[in-house]
Amino acid sequence: MFENVPDNGLKYVGKGVDRIDTVEKLTGKALYTCDWLVPGMLFGKIKTSPHARARIIKIDTSKAEKLPGVHAVITGNELDYRMGLYLVDKHILAKGVVRHFGEAVAAVSAESWEVAHHAIGLIDVEYEVLEAVLDPVEALKEDAPLVHPDLGKYDHVREAFTPVPGTNIANRMKYRKGDLEQGFREADFIIERRYTNPSVQHVPMETHVSIGQWSVGDKISIITSAQSPFTVRNLFAHSFKIPHENIRIQIPYVGGGFGGKAGIHLEPLACCLSRKSGGRPVKLQATREEEFSLLPCRSGLVYNIKTGVKKSGKIVAQQMTMYWDAGAYADYAVNVTRASGYSAAGPYEIPNAWVDALTIYTNKPFGTAYRGFGHVEFSWGIERHMDLIAKTIGMDSLKFRLLNAMKPGSTTLTGEVISENTGNVTRCMEAVAESINYGQLTGAEKAREKKTGRKIGKSVVALHKAPAMPSFTGTSVILRMNENGSVSATFSLTEIGAGTYTSVAQIIAETLKFPIEKVHVPIEIDTNHDPYDWQTVASKGLLLTGNAAILAAIDLIRKAYEIAGQVLRASQCDLDHDGEKVFLKHHPAKFVPFSKLAVGYAYPGGNGIGGPLIGVGRYCAQGLSNLDKETGQGNPALDWTYGAHGLIVEVDPKTGAYTIIKVASAFDVGRAINPAAVRGQAIGGMIQGLGTAMFEGYYYDRAGRLLNPSFTDNKIPTSLDIPEEVDAIVVETPQIDGPFGARGVGEHSMIAICGALGNAIEKAVGANLTHMPIRPQDIWKALQTGAKPDSPGISGDVVNFAEAPLCSTRRDSGKHKKR
Amino acid sequence: MKITLTINGREYTRDIAENRTLLRFIREDLGLTGTKEGCGAGECGACTVIVNGKTMNSCLMLAAECSGAVIETIEGESESGELSKMQQAFHKHHAVQCGFCTPGMIMSVKALVKKNPKPTVHQIQEAIEGNFCRCTGYTQIIEAVQAGTDQRDEQEELRRV
Ligand code: FES
Ligand code: FES
C-alpha cells in the first residue's frame with residue numbers, strides 16, 4: 001500500500017524520527033515484568049534436573065513444605081497438562097522422566113525469594129539415570145533410546161508437520177523441485193561437504209519472568225515478559241481447557257526476546273503455583289543459569305550439502321539433508337525445520353533440488369525460535385559451500401554468487417516465481433562488495449599486512465528470509481481519537497526492542513496527515529483491551545501491522561468525514577483535512593476541527609451526532625498456502641527480504657587470532673520507514689550474528705550436562721568485540737503489499753554473517769572450516785591438520801539418488817573427483 | 001542491621017538483612033527499579049550504579065557494605081524533569097532498543113565522562129565493556145556518547161543505494 005509514493009511526498013515515513021519508547025527506558029521509568037509487584041505476591045522457584053535422561057523414582061517434598069514461609073510445593077505428579085506450539089509434547093513439570101539437563105521437576109511458592117530458594121534445596125529427588133541420546137544423527141539409529149516413546153499419541157498440527165512415531169523424529173519435511181538425478185547427471189562437478197553448528201542461547205538481557213494468578217472461577221491473570229500475548233492466551237486456554245475470555249495476559253516493557261520469548265514458557269507454572277497458593281499471585285523469574293538450560297535455546301544442526309555445478313558456474317542440482325537437534329521438546333524446532341527447509345538454498349536459484357529436513361529429539365535443552373529462524377544455522381553451511389564450489393571450479397566466489405542469484409523469473413524451492421518487486425539481492429551484493437573493496441587489497445591494507453604480519457581476507461555472502469507463519473496470519477489495529485483531536489493506537493505486537501512501535505506511529509501519522517506528536521502508541525499490551533495479533537515474530541510485524549494501521553487510519557478519516565460532511569453540509573468527495581481539521585476543498589475557511597468530532601459533534605443548539613471516532617484496520621496475509629507434504633510445493637512466503645554482507649578480516653597465520661576490520665551489510669527493505677531504526681537493526685543483528693560466528697555455543701559433558709550455562713563460560717559480544725568499521729546499507733525495491741512499500745528486516749542482519757567470517761578467514765590464511773563458532777584455536781587446528789586452501793574436502797562419490805539414505809552419514813573423502 | 005546511605009542526594013535509613021545485596025535493596029526495599037538485574041553474578045553490568053564516584057555491579061555488593069556511601073542510580077539522572085545531556089544524546093542517536101541495559105550503560109558512561117570529558121572511541125568501548133547490550137551492537141551507543149561529549153553532531157546515516 002502506498003508503495004509508489006515518492007520519498008519527497010512523505011513527511012514522517014523515511015525519516016529517522018526519535019523512538020517513542022526511549023525516554024521511559026532512559027530514565028528508568030519503563031516497567032518491565034521483573035519490576036512489577038502485585039499485592040499479595042509470592043515468589044516462585046524451580047527445582048531442575050541435574051541429569052539429561054532419568055526416571056524419577058521419588059520426590060520428597062515434606063521438608064520443603066514444613067519450611068516457614070512456604071505456601072505451596074508442586075511436582076509433576078499432580079499436573080496433568082501438556083503444552084506445545086505445534087506438537088503437544090511437554091509437561092509443565094517433568095512427569096515420571098526427565099528429558100534434559102535443567103528440566104523443571106518441582107516448584108515452590110514462598111513469601112520471599114530467599115525462602116523459596118531455601119525450600120528448593122530441601123526437596124529430595126531420587127533418580128534412576130538412563131542412557132541419554134545426545135547426538136541427532138545417533139538418535140536416528142534403530143537402537144537409540146526414544147526421547148518420547150509416546151510420540152504417536154501426541155496431538156499436532158497435521159496440515160504442516162509429520163512426526164514419525166517409534167523414532168526420535170519429531171517432524172520430517174521434504175522439498176522436491178525439478179529432477180535431481182538428471183541435474184546431477186548434467187553436472188561437471190559434484191561437491192559435497194558436511195557442516196555443523198551447536199545450540200546457542202538468545203540471551204535477552206531480561207531473563208524470562210512471569211507473574212501468574214489463578215483465581216476462583218478459573219480466572220487467570222498473567223503479567224509476563226512474552227513476545228506474543230495472544231499465543232500465550234491461546235495455548236493456555238487449550239492446555240487447561242479454560243475459555244479464552246477468562247484469561248488475561250498483560251505484557252509490559254520487554255527486555256529483549258529474539259524469539260526466545262515467542263511461545264509459552266513460565267506462565268503455566270506460575271499459574272499452577274498460584275492455584276495451589278490459594279490464588280495469590282506468584283512471580284517466577286529465571287536466573288541467568290536457568291535461562292541457558294530450563295528455557296529454550298537455538299537448535300543445533302548437522303547438515304550435508306551436495307551440489308552439482310557446470311563448468312560455467314551454473315548450479316544444476318543440490319541435495320541437502322538437515323538434522324536439526326531439537327533437544328527434548330519440539331517447541332518451535334519443528335517449524336524452524338519447515339521454514340528453513342524452503343529457504344535452504346539461500347538466495348540462489350537451484351533448478352533441481354531436494355531438501356530433507358528432520359527435527360530430531362535428543363536429551364538436551366530444547367530449541368526454539370531464534371532471530372533468523374533456522375537461517376543463521378543453514379546459511380553458515382550454504383555460504384561456506386558456495387565458496388568451496390567457486391574455488392573448485394576456479395571462479396571468483398562473488399561472480400559465482402551473482403551468476404546463481406535469484407532474479408525476476410527465478411523459482412524458489414517451493415515453486416514461487418520471483419518478480420521485479422520481490423527485491424534485489426544482486427544490488428545488495430554489489431553494494432557491500434563496493435564498500436569493502438572486494439577482490440583486492442587497498443594500499444593501506446597491504447601496508448597493514450606488512451606491519452602486523454597478519455593476512456587480510458575479504459568475502460561477500462548473500463541471504464534471504466521470508467516470515468515463517470501460518471498462511472492466514474492476521475492482525476488488527478484500533479485507532480481511537482482523543483478529545484483533543486490526537487489519536488491513540490492499540491495493537492498487540494510487543495515492542496521487544498526492534499522499534500516497530502515507532503515505525504507504526506510514523507505510518508499512522510503519514511496516513512492521517514497528522515503531526516507525529518499527535519499519534520500516541522502505548523507500549524504495554526493487555527489482551528483484555530487490545531485487538532488480536534498472532535505473534536511478534538518472523539519479521540512480519542511491520543508489514544502486517546503497518547497495513548492494518550493504514551487501514552485503521554483510512555477508516556478513522558472516513559468516519560470523521562461522514563460527520564464533518566453533515567456538519568459542513570457537503571458531500572464527502574468535497575472534503576479534505578489536515579492535522580487539525582476537516583475542511584471544504586474549495587472553501588478551506590469552512591471547516592470543523594477534529595477536536596469537535598472526536599467524541600461526538602454537538603450542534604450549537606445542543607443536538608449531537610456521531611459519537612466517539614474509532615478507526616479499525618484488519619489485515620491478513622494474502623495468497624499464501626500450505627505446502628504439499630510430499631514435494632514441499634506451495635506458497636509460504638509473505639515477502640522475501642534479501643541481503644548481503646561484506647566482511648574484511650585480519651588473521652594471524654601462526655596463532656589463528658583474528659580481528660574483524662569491517663563489515664558492510666545491505667538489505668532490500670522495500671522502504672526504510674525509519675532509517676535510524678533500520679540501522680540499529682542492521683548493526684545489532686550483525687553483532688549478534690558475530691557472537692554466534694565467533695564464540696557462542698553450548699558445551700556438554702558425555703552425560704549431557706550443560707557445561708557453560710553462564711556468561712563466564714558463554715560469552716556474548718561486548719563493546720570491544722565489534723568490528724573496527726561498520727557500514728549499514730539499504731536497497732529499496734518497494735514491496736507492493738508492504739506499508740509504503742516496506743518489508744521486515746529484524747532478523748536478516750544476523751543471517752549468513754557466520755559464513756562471511758568463515759570465508760574471509762579461509763581467503764586470508766586457507767583454514768578449511770566447517771564448524772561454527774570459529775575460535776582462534778579452531779583456525780589454528782585447521783591450519784595444522786586441514787586441507788590446504790586449494791584442496792578443499794570434496795566428495796565425488798556416486799550415490800544412488802533414488803535411494804538417497806537419509807539417516808546414514810557420509811564422510812568427506814577429501815578427494816576431488818571431476819566427472 | 002541498620003544502615004544509612006545517600007541515594008541520588010536523598011538520605012535513607014533502613015533496617016536490612018546482612019545478606020541483602022545492594023541491588024535488591026535498591027530495587028525491592030526502595031522501589032528504585034530503574035537499576036536492572038541481568039545475571040546476578042557480576043558479569044553483565046545491567047545493575048551498574050555509582051558508589052562514591054565509582055561504578056559498581058550492585059548485584060555483587062552487600063547493602064551492609066554501603067552504610068555511609070553516596071550512591072547514584074539512573075533515577076537521579078533526570079530529576080529536574082529534563083533528560084540529561086547524555087540521555088538526550090542516547091535518545092537522538094537511537095542508542096536504546098529494548099532498554100534493559102540502558103540504565104547501567106548510562107551509569108558507566110556518566111562515570112567515564114566525569115573522569116574523561118572527551119573520551120576516544122576506544123576509551124568509550126573500554127568503559128562500557130562490562131555492560132552487555134544484546135540489542136544495539138554498541139555502535140549507536142558509542143556514537144551517542146561521542147555526541148553527548150560534543151564530539152559528534154549528526155546522526156550517522158543509513159546509506160541508501
Ligand atoms: S546483574 Fe549485576 S552484573 Fe549482571
Ligand atoms: S538495548 Fe536491549 S540490551 Fe541493550
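Numbers restart at 1 for each chain; the letters A, B, ... are given by sequence-line order, proteins then strands.
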Check: From A:Asp21 CG over to B:Cys98 SG, what is the distance, rounded to the nearest 0.5 angstrom?
Finding: 10.0 Å
Check: Just checking heavy atoms, which of residues 43-63 of chain B are less than 4.5 Å from chain A?
Finding: B:Glu43, B:Cys44
Next item on the list: Write down the atom of A:Ala676, the atom of B:Gln140, and the distance for their closest heavy-atom approach.
Entry: O-NE2, 3.2 Å
Item checked: Under 4.5 Å from a heavy atom of chain B, the part of A:Met205 involved -> both
Notebook entry, point to check: Do the side chain of B:His94 and the main chain of A:Val17 share a donor and acceptor less than 3.5 angstrom apart?
Noted result: yes
Next item on the list: Using non-hydrogen atoms and a 4.5 Å limit, figure out which bit of A:Ala666 sits close to chain B: side chain, backbone, both or neither.
Entry: neither
Notebook entry, point to check: Who are the ring-ring contact (aromatic ring centres under 6.0 Å, His included) partners of B:His122, not counting sequence neighbours?
Noted result: none
Next item on the list: Tell me, with the steps shown, if A:Leu26 and B:Glu77 meet side chain to side chain contact (heavy atoms under 4.5 Å, CB included).
Entry: CA-CA 9 Å; A:Leu26 275 162; B:Glu77 279 309 273; over 6 Å; no
Note to self: Do the side chains of B:Glu28 and A:Lys283 get close enough for a salt bridge, i.e. N-O under 4.0 angstrom?
What the structure shows: no
Next item on the list: Could you tell me whether the side chain of A:Arg288 and the main chain of B:Gly38 form a donor-acceptor pair under 3.5 Å?
Entry: yes
Checklist line | Contacting region of A:Asp721 [heavy-atom separation from chain B under 4.5 Å] | finding: neither
Next item on the list: Step by step, work out the side chain to side chain contact (heavy atoms under 4.5 Å, CB included) result for B:Arg134 and A:Ile716.
Entry: CA-CA 8 Å; B:Arg134 191 56 153 172; A:Ile716 66 164; 3.6 Å; yes
Check: Is B:Lys118 atom NZ crowded by more than 12 heavy atoms from other residues, nucleotides or ligands, each under 6.0 Å away?
Finding: yes
Check: Is there any residue in residues 68-76 of chain B with a non-hydrogen atom under 4.5 Å from a non-hydrogen atom of chain A, and which ones are they?
Finding: B:Ile74, B:Glu75
Notebook entry, point to check: What part of A:Ala30 lies closer than 4.5 angstrom to a heavy atom of chain B: side chain, backbone, both or neither?
Noted result: backbone
Item checked: Short side-chain to backbone donor-acceptor contact, B:Gln125 and A:Leu720, under 3.5 Å -> no
Margin query: Looking at B:Lys36 and A:Glu206, is there a salt bridge between them, counting it only when a charged N and a carboxylate O are closer than 4.0 Å?
Written below: no
Check: chain A contacts: which residues in residues 15-24 of chain B have a non-hydrogen atom closer than 4.5 Å to it?
Finding: B:Arg20, B:Arg24
Note to self: Which atoms of A:Thr27 are under 4.5 Å from chain B, going by heavy atoms: the side chain, the backbone, both sets, or neither?
What the structure shows: both
